[in-house]
> 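Handing you this structure, nothing more for now.
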Amino acid sequence: MSKKKQPKLKENTPAPYSTPAQPPQSPQDALLKRVFVGSLLLMALLSSLLSLGTGINGDDEYQVDYSEKLVSYYLTMGQDTSALYIEKGNMHYYGGFFDLATGLANHALGFDKFDPAYHHVRHLFNAWMGITAILFMGLLAYLIGGWRAAVLGIWLMYLSPRFFGHAQMNPKDIPFAAGFAMSLYFMVRLFRSLPSPHWKTVLGLAAGIGLALSTRAGGLLLFGYLGLFAGLDFLFRYGWKGLGSHTGLVGKYALWCGVGAAGGYALAVLFWPAALADPLGHPLAALTEFSKLGVKIRLLFEGENVMSDQAAWYYPIAWIVRTVPLYILIGTLGSLLLLPAILKQYDRTAVLLLWFATVFPLAYIIYKDSILHDGWRHLMFIYPSLVVLASLFFVSLESRLSARKNLQYGFYGALALLLLEPAQFIARNPHLSYVYFNPVSGGLKAAFGEYETDYWGIGVKQGLDWLEAEGILQEGSPDTLTLASTFFYPLAWQAKGRFGDAVKVKYVRFNSRYSEDWDYGIFPSRFIRGAHLRSGNWPTSKAVHTVKVNGVPIVAIEKNETRAAFLGQEAVKAGNWAEAIQQFSREVEAHADNEVAWIGLSNAYINTQQYQQALDAANAALKAAPDVESGILYQGLAYLNLGQAGPALEAFDHATRVNDEYYVAYYYKGLIHQQQQRYREAYENAQKAIDSSPRFKPAYQLAAQALQALGDTQNAQRYLDAASRI
């Protein structure tokens with residue numbers, strides 16, 4: 001009987017790991033565990049309180065709309081299908097866990113989206129998701145490196161200003177990071193306990209995968225991680241020969257991994273209406289959509305304003321290196337240098353999983369040339385694994401220095417100083433810590449005008465707070481104050497919720513901000529060209545208050561006292577050029593750095609054949625705001641009308657370098673080439689204008705003329721036919 005049982009016992013008894021599978025023991029473990037729990041409770045309390053004072057992000061417009069549609073879908077038992085396809089924002093490609101949970105909570109509490117408490121609920125939930133990510137990152141560090149690594153890891157992560165700031169108001173990337181951290185933790189636990197894992201481990205894995213996938217389709221990556229590292233774990237235990245000699249164990253590995261993966265998938269689909277309608281096809285379609293991130297926006301990177309699909313391949317690397325704390329950079333590099341020793345000291349399957357979970361997404365995005373924007377927030381899910389690697393390095397280094405107390409104390413001091421710098425940044429800027437840049441990059445001061453800072457308009461709230469503190473905005477005021485901003489949704493929902501009918505909100509583009517009449521404008525640095533920011537002319541002389549982070553301007557509040565620029569714009573619309581000149585001149589006399597007024601003045605001078613004055617006004621606009629597109633355009637037009645084709649062509653070239661989709665500048669370049677009988681170049685620029693603006697009729701006509709001059713009458717007629725249809 002024993003002979004019959006022996007093969008079964010042998011097959012089901014895992015061979016011992018060649019590296020430790022359990023965290024190292026320490027006499028201080030009981031104390032460290034209490035510190036771990038106490039720290040998390042303190043973090044949860046602080047984050048919850050701070051989240052209530054944090055502004056609304058610019059993407060909440062789409063999230064809130066999705067939340068309401070999700071609530072309606074589930075409360076009507078699927079009869080309201082509006083959540084299945086949402087054109088604006090493509091929110092149906094996102095899982096609905098966060099927005100459904102917060103939506104139901106707000107519905108139960110009776111809060112609507114204009115009530116400040118509505119967003120407080122969302123921000124509280126966001127903060128708890130951030131703590132969830134830290135919790136499971138810490139538990140993962142414990143599984144591998146013990147309680148010292150766990151305690152260090154949670155503080156390394158909590159005191160990371162970028163993560164700290166996003167954890168207060170980012171309902172996409174933070175829950176996604178929490179799902180990944182949770183999944184990685186339970187994967188390691190699963191591998192440790194195979195072939196007979198506890199049901200709680202499998203359930204935890206399913207919950208982690210479900211949380212990630214019910215946030216973003218990128219959670220499908222976890223299925224690949226699970227299969228790959230389950231296989232690697234098996235090979236580490238039994239070798240290649242084990243595939244033949246332990247077939248029963250292979251089946252159990254596959255079974256339990258499959259149960260965890262299937263459970264996670266099913267859980268995610270339950271919170272995702274579009275996936276409920278198409279459980280297999282829709283998540284895959286969503287993954288395809290997000291791997292290319294089809295939404296293109298203009299972003300500021302390395303001082304240049306470029307479209308997000310034209311950013312350098314190293315865009316995410318540059319952002320990560322510049323914005324994570326120094327201790328993460330040191331810890332990551334150290335972990336790499338000590339990788340052979342760390343693999344021997346700790347569970348190698350777990351360590352390799354951490355490296356793969358950190359490096360693979362970054363490498364894949366670079367390989368696929370995926371579109372990214374807003375820094376590296378789309379990659380925030382790799383941060384928990386990165387932090388664990390850093391904590392393992394520091395704990396390993398500490399143990400190596402244990403025999404030399406002076407060096408060990410020096411290590412403690414250096415680490416404390418490294419932690420102090422980002423901690424101070426958070427303490428000084430608790431609601432805007434997500435704009436942090438580390439000292440190696442020169443800090444936020446060096447980043448100003450080179451990289452995006454408040455790209456989500458979070459600082460709009462601080463602008464509103466100042467207006468209220470100054471008594472300019474008051475609830476129940478009989479006078480209605482008109483506010484304008486480039487961030488309409490954060491301003492409108494926060495202003496209306498706090499001040500009701502006492503405020504009216506308008507959306508304006510910064511470069512045409514006086515096309516509307518308003519009393520005060522709240523303008524974050526987002527959407528302002530880098531050259532303008534670096535010129536020192538922003539905030540402008542019309543600013544009455546500036547929201548700053550460590551002395552760097554993030555948001556400017558402008559007061560529109562004379563309204564001369566607006567009246568000038570109204571005169572332009574009416575074709576009253578004399579009035580336009582009078583109003584714009586009055587504005588620039590008071591505010592010589594108002595580039596919009598100078599541009600309007602240049603336009604008015606061109607339309608009254610005062611071309612030298614138009615050139616002077618355009619040059620003044622470019623002095624106030626270098627690289628402003630309209631200023632360059634009117635500069636070129638002034639030169640062109642003065643008969644100076646060479647400088648005009650240089651100006652239009654400049655305009656297309658600033659904005660490679662500036663169709664009007666391409667058109668005028670082509671027009672000059674046409675006049676110079678450079679017909680091929682005339683045609684090429686006309687085509688570029690058409691590519692950038694297919695409804696711009698003059699470009700078709702110019703292309704046809706150029707082709708006729710080249711003798712290509714057949715294609716010339718095609719362009720004329722196309723022009724006639726516009």
> Would you compute the distance between atom CG of Leu194 and atom OG1 of Thr201 and round it to the nearest 0.5 angstrom?
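Between Leu194 CG and Thr201 OG1, I get 9.5 Å after rounding to 0.5 Å.
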> Only one of Tyr383, Tyr455, Trp319 clears ring pair (Phe, Tyr, Trp, His ring centres under 6.0 Å) with Trp376; which?
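Checked Tyr383, Tyr455, Trp319 against Trp376; only one passes ring pair (Phe, Tyr, Trp, His ring centres under 6.0 Å): Tyr383.
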> What are the two closest non-hydrogen atoms of Ala312 and Phe301, and how far apart are they?
CB-CE2, 4.0 Å
> Less than 4.5 Å apart, any side-chain heavy atom of Met380 and any of Ile174?
yes
> The test is side chain to side chain contact (heavy atoms under 4.5 Å, CB included); show your working for Thr332 and Phe393 and say whether it passes.
CA-CA 8 Å; Thr332 304; Phe393 164 72; over 6 Å; no
> Using a 4.5 Å cut-off on heavy atoms from C-beta on, say whether the side chain of Ser391 contacts that of Met137.
no
> Is a side-chain donor or acceptor of Asn438 paired with a backbone partner of Pro325 at a separation under 3.5 angstrom?
no
> Once the angle between the rings of Phe437 and Tyr451 is folded into 0 to 90°, is it parallel (under 30°), tilted (30 to 60°) or perpendicular (over 60°)?
tilted
> Quick one: does Gln168's side chain have a donor or acceptor within less than 3.5 Å of a partner on Tyr434's backbone?
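No.
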> Step by step, would you call Ser183 with Phe223 a side chain to side chain contact (heavy atoms under 4.5 Å, CB included)?
CA-CA 10 Å; Ser183 298; Phe223 296 95; over 6 Å; no
> Has the side chain of Thr453 got a donor or acceptor atom that lies under 3.5 Å from a matching backbone atom of Val435?
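A pair under 3.5 Å: no.
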> Please name the pair of heavy atoms, one in Pro384 and one in Ala181, separated by the smallest distance, quoted to 0.1 Å.
CB-CB, 3.9 Å
> Testing Phe236, Phe191, Phe356 one by one against Phe229 for a ring pair (Phe, Tyr, Trp, His ring centres under 6.0 Å), which residue passes?
Phe356
> Where does the angle between the aromatic ring planes of Phe136 and Phe186 fall among parallel (under 30°), tilted (30 to 60°) and perpendicular (over 60°)?
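Tilted.
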> Indicate the atoms forming the closest heavy-atom contact of Gly204 with Met182, along with that distance.
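It is O-CE, 3.9 Å.
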> If you take all heavy atoms of Leu338 and Arg400, which pair is closest and at what distance?
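Shortest heavy-atom separation between Leu338 and Arg400 comes out as CD1-NE, 4.3 Å.
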> A side-chain contact here means heavy atoms from C-beta on lying under 4.5 Å apart; do Asp374 and Leu299 qualify?
no
> Is the closest basic N to carboxylate O distance between Asp233 and Arg237 below 4.0 Å?
yes
> Report yes if the side chains of Leu100 and Tyr66 come closer than 4.5 Å at any heavy-atom pair, otherwise no.
no
> May I ask you to test the Ile342-Trp355 pair for a side-chain heavy-atom distance under 4.5 Å?
no
> Nearest 0.5 Å please: distance from the CH2 atom of Trp456 over to the CD1 atom of Ile56.
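So the gap between those two atoms works out to 13.0 Å.
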> Could you check if a side-chain atom of Phe36 sits within less than 4.5 angstrom of a side-chain atom of Leu135, using non-hydrogen atoms only?
yes
> How long is the gap from CG on Leu339 to CG on Leu389, to the nearest 0.5 Å?
8.5 Å
> Give the ring-plane orientation class for Phe411 versus Phe394, where under 30° counts as parallel, over 60° as perpendicular and anything between as tilted.
tilted
> First locate atom CE of Met307, then atom NE2 of His373, and finally report the distance between them rounded to the nearest 0.5 Å.
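Answer rounded to 0.5 Å: 9.5 Å.
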> Taking the inter-plane angle between the rings of Tyr412 and Tyr409 on a 0 to 90° scale, is it parallel (under 30°), tilted (30 to 60°) or perpendicular (over 60°)?
tilted
> Keeping Arg192 on the side-chain end and Leu143 on the backbone end, is there a donor-acceptor pair under 3.5 Å?
yes
> I need the Ile154 CD1 to Leu152 CG distance, nearest 0.5 Å.
9.5 Å
> Ser399 and Gln345: side chain to side chain contact (heavy atoms under 4.5 Å, CB included), yes or no, with the steps?
CA-CA 11 Å; Ser399 66; Gln345 185 177 359; 4.1 Å; yes
> Contact between Ile134 and Phe163 at the side-chain level, heavy atoms closer than 4.5 Å - yes or no?
yes
> Quick check: closest heavy atoms across Pro171 and Met169, and the distance to 0.1 Å?
CD-O, 3.2 Å
> Counting only heavy atoms from other residues, nucleotides and ligands, does the tally under 6.0 Å from CH2 of Trp155 exceed 12?
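Atom CH2 in Trp155 is packed in, count exceeds 12.
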> Side-chain contact test, heavy atoms from C-beta onward, threshold under 4.5 Å: evaluate it for Val388 versus Leu392 and give yes or no.
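A side-chain contact under 4.5 Å exists here.
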> Does any N or O in the side chain of Trp256 come within less than 3.5 Å of the main-chain N or O of Pro195, such that one atom is a donor and the other an acceptor?
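The answer is yes, because a donor-acceptor pair under 3.5 Å joins these two groups.
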> Ignoring hydrogens and geometry, is there a side-chain-to-backbone donor-acceptor pair from Ser47 to Ala44 under 3.5 Å?
no
> Keeping the roles fixed (side chain from Tyr315, backbone from Gly375), state whether a donor-acceptor pair exists under 3.5 Å.
yes
> Might you point out which heavy atoms bring Pro361 and Leu379 nearest each other, and give the distance in Å?
CB-CD2, 4.1 Å
> Could you check whether any side-chain N or O of Ser335 sits under 3.5 Å from a backbone N or O of Gly331, counting only pairs where one atom can act as donor and the other as acceptor?
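No; judged by distance alone, with no hydrogens or angles, the pair does not exist.
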> If the test is side chain to side chain contact (heavy atoms under 4.5 Å, CB included), which one of Leu70, Leu213, Thr215, Leu267 qualifies with Trp272?
Leu213
> Please walk me through it: do Tyr225 and Leu184 pass side chain to side chain contact (heavy atoms under 4.5 Å, CB included)?
CA-CA 9 Å; Tyr225 293 3; Leu184 295 178; 4.3 Å; yes
> Which one of Val549, Thr54, Leu444 satisfies the side chain to side chain contact (heavy atoms under 4.5 Å, CB included) criterion with Leu432?
Val549
> Would you call the rings of Phe176 and Phe180 parallel, tilted or perpendicular, taking 30° and 60° as the class edges?
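Phe176 vs Phe180 ring planes: perpendicular.
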> Has the side chain of His378 got a donor or acceptor atom that lies under 3.5 Å from a matching backbone atom of Asp173?
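Not confirmed, His378 side chain does not pair with Asp173 backbone.
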> Which label fits His92 and His282: parallel for a plane angle under 30°, tilted from 30 to 60°, or perpendicular past 60°?
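Geometry flag for His282 against His92: tilted rings.
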> Any donor-acceptor pair under 3.5 Å linking the side chain of Asp454 with the backbone of Gly459?
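Answer holds: yes.
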> Is a side-chain donor-acceptor pair under 3.5 Å present for Asn170 with Asn57?
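On atom types as modelled, these side chains do not qualify, holding no pair under 3.5 Å.
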> Calculate, to the nearest 0.5 Å, the distance between atoms CD1 and CG belonging to Ile328 and Leu386 respectively.
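If we round to the nearest 0.5 Å, Ile328:CD1 and Leu386:CG are 5.5 Å apart.
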